[in-house]
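What follows is one structure encoded as structure tokens, with my remarks underneath.
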Amino acid sequence: MLIGPYTGIDVGTLVLIAVLFVVAESISTHVVVDVKEAGISPSSAVALAAVVLVGPAGAAVVGLASCLAIRRQGLVKRAFNGAQFALAAYAAGHVYLLLGGTVGVPGQSDFPGIVLPYVAAVLTHTLLNSALIGILMWCLGVTRPAGAGRLRWRPLAALEIASVGYQMLGLAIAAIWGAVGIIAPLLVLLPLFIARWVFGQQTAEARAHEATLATLCQAVETKDYYTRGHCMRVAEGSAMIAAELGMPAERVQKIRYAGMLHDIGKLGVPTKVIQKTGKLTDDEYAAIKLHPTRGYEIVREISFLDEALAGIRHHHERLDGRGYPMGLVGMEIPESARIISVADVFDCLTSTRSYRKAWSVEDAIAELRRCAGSQFDPRMVEALVRAVSREGWQTPDIAEPPGCRYGATERPDPDEPGAPVPDLPAEVNSPAEEEKTTPVAESTSAGAVTGGQDR
Amino acid sequence: MTQKQSEGAGPSGPQPGGPEGGALGHQRSGGPFWRTARPFRALLVGGVGAASLAALVLTAAAGFDQPYVALVFCLVIAGGELARITLPGNRESAPIALAGAIAYAFLIGLGGEPSHHTAWQVVAVVALGVALGELPHVAVGRSPRLEDVARRVLTALLLAAAFRPIVEALALTGPSVAVALLMTGTVALAWALDVALSAVLRAERLCTRLRVALRDEARAQVATGGAIASSGVLIALACTVTGLVGLLVFLAPLLVSQVAFRRHAEVRRTYLETVRALSRVTEVGGYVENGHSRRVSQLSHGIACELGLAEAELLELEYAALMHDIGQLSLREPIAGGATVLASPREQRRIAELGSAIIRETGVLDNVAEMVRRQCEPLAGDGDEGVPPLGSRVIKVANAFDDLVGENGDAERRAAVVERLRMDTDSEYDPRVVDALSRVLERR
């Protein structure tokens with residue numbers, strides 16, 4: 001008995017299950033949930049039912065049948081899939097037998113004793129499947145070496161738990177197989193396909209949501225040619241920092257959205273102030289200073305953003321308490337705001353404005369580091385530096401706006417958090433502003449960054 | 001509308017969840033509770049409540065058959081009720097509770113031992129479980145929608161009333177193909193009845209047509225209903241073989257389905273919330289009057305319900321109405337007073353086209369973009385494109401009405417504005433839409 005045991009295999013059952021498995025495999029393109037390349041496939045519930053009904057050898061045959069699935073797929077991939085399912089099912093079958101499970105339609109006396117070996121079989125099946133796919137990916141060099149160290153385990157874990165939940169259905173199929181035969185899998189698979197369909201809908205809708213949000217943010221930016229794409233880049237930058245700090249994926253996503261929406265309140269600032277050339281009056285400064293609060297008022301009803309809302313409201317606060325709107329100090333500033341603030345200034349520095357050219361990434365990083373502690377949270381700055389050095393930074397590709405040259409206007413973008421350069425002290429000219437920022441503004445040319453941030 | 005405003009100030013209406021959420025602050029009539037605007041709902045809730053009470057009393061008097069089993073099912077139902085979810089369209093659902101209730105109504109045996117509980121006992125157990133599960137919700141102020149709770153109990157009641165006598169008559173004890181088919185047939189029938197009932201409730205609530213509501217409900221409940229019903233039948237069948245352990249094990253997969261439903265509903269709600277919030281950028285930017293977009297969307301929703309639009313179209317209309325002025329963002333300066341109805345036709349068209357271009361950028365809201373693009377066309381349409389879509393005509397009327405009445409128009413002014421719109425019905429406004437508008441206003 002080389003790969004036995006062959007006792008207890010009912011040929012009719014085997015054929016039915018195999019057909020069922022192929023059908024399930026054919027219908028289910030894997031559902032993508034959060035993580036790429038992973039998904040819940042209802043067919044594994046059938047494979048697990050096969051473990052109970054026809055034992056390891058039978059389950060292996062059923063698993064191998066998956067290469068007959070009707071879908072567009074290369075021969076090699078088919079063979080791999082078949083072999084993978086066969087191996088996983090065979091191993092799961094032996095674990096099941098080892099822990100005292102019995103092959104065949106389980107009777108009333110088998111419960112609840114059968115549950116433990118079945119769960120062990122499910123776990124074996126899941127682990128082996130993941131391991132085999134992992135090895136394949138590794139051999140093909142698909143997985144990035146950097147990703148291996150800090151794999152985002154939370155969504156993966158959620159997915160695995162969900163799929164284990166699904167596979168418990170295999171036991172249901174097996175339990176009522178004897179009594180109601182082919183109706184059993186129909187009853188079992190219906191909710192699975194419904195759930196799969198819902199997941200699909202949800203993915204599509206989430207994508208639609210993202211697209212709508214991005215478009216509306218960009219629409220807001222049409223007021224100023226130079227800030228095009230700013231919100232998307234700040235969103236990316238904030239997400240990079242948040243991910244670098246090891247935040248859970250869900251929170252990273254929230255911070256990404258908050259980064260995208262951080263300047264939405266600029267809509268409340270009259271166009272003529274935003275596009276004004278020359279000095280701003282006190283009133284106009286006051287109008288500009290209102291924009292984080294305005295933005296918060298607009299988005300506060302988006303309940304899923306919850307704590308990231310604070311990031312929009314406070315993204316102009318400074319660690320030394322000289323920011324606005326509330327003048328919060330140090331760690332009073334919400335974490336999300338400290339993240340967005342760094343990403344915001346970084347993108348401003350590295351993009352072109354009407355009154356200056358873009359800074360290089362290196363210069364911008366040096367500037368951020370210089371202001372870390374007074375304006376920025378050093379942790380966020382270092383996280384950004386690490387993330388940018390690994391993943392790079394997409395600088396805006398606008399070289400020159402239509403019909404306008406650098407320096408044609410004298411005044412920086414009212415929201416410009418960073419960067420007025422030495423020949424442009426004009427923008428810190430308002431008296432109150434002058435008084436507050438003099439020590440920094442005078443220190444070096446780049447000191448104006450901090451002065452600029454004050455606005 | 002003023003009365004509505006003062007009421008809408010507090011968060012008294014239904015939660016702004018589904019498409020019709022915030023769009024419909026239902027008037028709570030001030031009179032005694034029996035003078036309700038929704039008699040069907042009152043009838044349903046009252047009837048089910050009375051039946052539950054009767055069932056509890058009767059069962060308590062007769063004694064529970066297999067009390068431990070009853071207790072376990074009761075707890076499962078309570079847990080499912082505790083984990084109830086709000087599905088798109090502001091529909092409350094508790095898949096696990098309902099599946100547990102169905103399974104208990106269908107339970108013919110437990111690990112080889114036949115079950116003989118009566119239909120009354122099923123109702124009592126379900127009602128008790130539902131009440132237990134809702135208690136914590138009520139304690140923290142998240143009261144359920146009574147009619148949805150009543151529908152769940154009613155489903156269990158119908159199933160039990162239909163199935164329990166059959167069990168006794170045919171002395172069913174074990175699963176077989178015939179039993180499985182019988183259960184499936186019964187549950188399908190109950191599903192159809194439930195859909196019909198919820199359609200009546202929906203038509204009553206939204207003042208829309210019954211046929212439209214029926215289609216909407218059937219479409220919305222086919223997925224959840226299928227998952228719940230098949231799980232319920234599966235559990236009932238499996239428990240005959242596996243005993244109570246089967247109940248707990250086989251609830252796990254339904255839990256996964258519930259997670260899927262919940263997340264889908266969340267994404268949908270978030271989407272709507274985002275569009276609602278961002279539609280306010282035009283107000284904050286000083287382009288339109290405060291609350292204009294939201295008022296237009298509420299009014300459009302009321303009119304569209306009156307005209308019998310289906311749920312999916314209502315959702316698109318709501319998006320379009322919320323974003324109908326977004327093209328103004330591209331203007332350098334706000335137009336005077338923000339009222340587009342007073343702007344020149346050329347200006348109006350430009351705003352509509354700019355807005356539609358922005359919305360089209362998303363790549364997913366093409367119908368919405370089309371509605372926004374054609375929102376200011378006269379009744380016969382511009383050029384050779386023919387009559388603009390109904391959504392555009394509705395937005396045109398709602399927008400004109402809100403621009404002319406403003407935030408605090410009194411009844412007299414509103415009537416005058418409707419008359420003014422009616423005078424233009426031969427060329428500008430769709431007479432059907434204006435009629436619907438006046439009916440909506442009468443109800444407020």
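As the structure is a prediction and not an experimental result, all values here were calculated from the model. Residue numbers begin at 1 in each chain, while the letters A, B, ... track the order of the sequences.
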Does A/Thr215 reach the side chain of B/Ile358, with side-chain heavy atoms less than 4.5 Å apart?
-> yes
May I have the step-by-step check of salt bridge (Lys or Arg N to Asp or Glu O under 4.0 Å) for A/Glu205 and B/Arg268, ending in yes or no?
-> CA-CA 7 Å; A/Glu205 209 140 324; B/Arg268 177 73 74 85; 2.3 Å; yes
A/Glu307, CD atom: more than 12 neighbouring heavy atoms under 6.0 Å = yes
If you count heavy-atom pairs under 4.5 Å between each of A/Leu190, A/Thr212, A/Val119, A/Val115 and chain B, which one has the most?
-> A/Thr212
Pair A/Glu301-B/Arg294, salt bridge (Lys or Arg N to Asp or Glu O under 4.0 Å): steps then yes or no | CA-CA 13 Å; A/Glu301 282 167 41; B/Arg294 195 155 310 195; 3.2 Å; yes
Side chain, backbone, both or neither: which part of B/Thr240 has a heavy atom under 4.5 Å from chain A?
-> backbone
A/Ile194 versus chain B, heavy atoms under 4.5 Å apart: side chain, backbone, both or neither?
-> side chain
Rounded to the nearest 0.5 Å, the OG1 atom of B/Thr274 sits from the CD atom of A/Glu210 at a distance of 11.0 Å
Which heavy atom of A/Ala206 sits nearest a heavy atom of B/Val267, and at what distance?
-> N-CG1, 3.6 Å
Can you give me every donor-acceptor pair (side chain of residues 222-232 of chain B, partner residue at least two apart or in another chain, under 3.5 Å) with its distance?
from     : atom 1 : to       : atom 2 : distance (Å)
B/Ser230 : OG     : B/Gly226 : O      : 2.8
B/Ser230 : OG     : B/Ala227 : O      : 3.3
B/Ser231 : OG     : B/Ala227 : O      : 2.8

From B/Thr362 OG1 over to A/His209 NE2, what is the distance, rounded to the nearest 0.5 angstrom?
-> 12.0 Å
Distance from B/Leu278 atom CG to A/Leu261 atom CG, nearest 0.5 Å?
-> 6.0 Å
Side-chain donor-acceptor pairs under 3.5 Å in residues 249-260 of chain B, sequence neighbours left out?
from     : atom 1 : to      : atom 2 : distance (Å)
B/Gln258 : NE2    : B/Ala83 : O      : 2.5

Under 4.5 Å heavy-atom distance to chain A, tell me which part of B/Val364 shows up: side chain, backbone, both or neither.
-> side chain
CZ of B/Arg280 to CD1 of A/Ile264: how many Å apart, nearest 0.5 Å?
-> 11.5 Å
Turns out that what part of B/Leu244 lies under 4.5 Å from chain A's heavy atoms comes down to neither
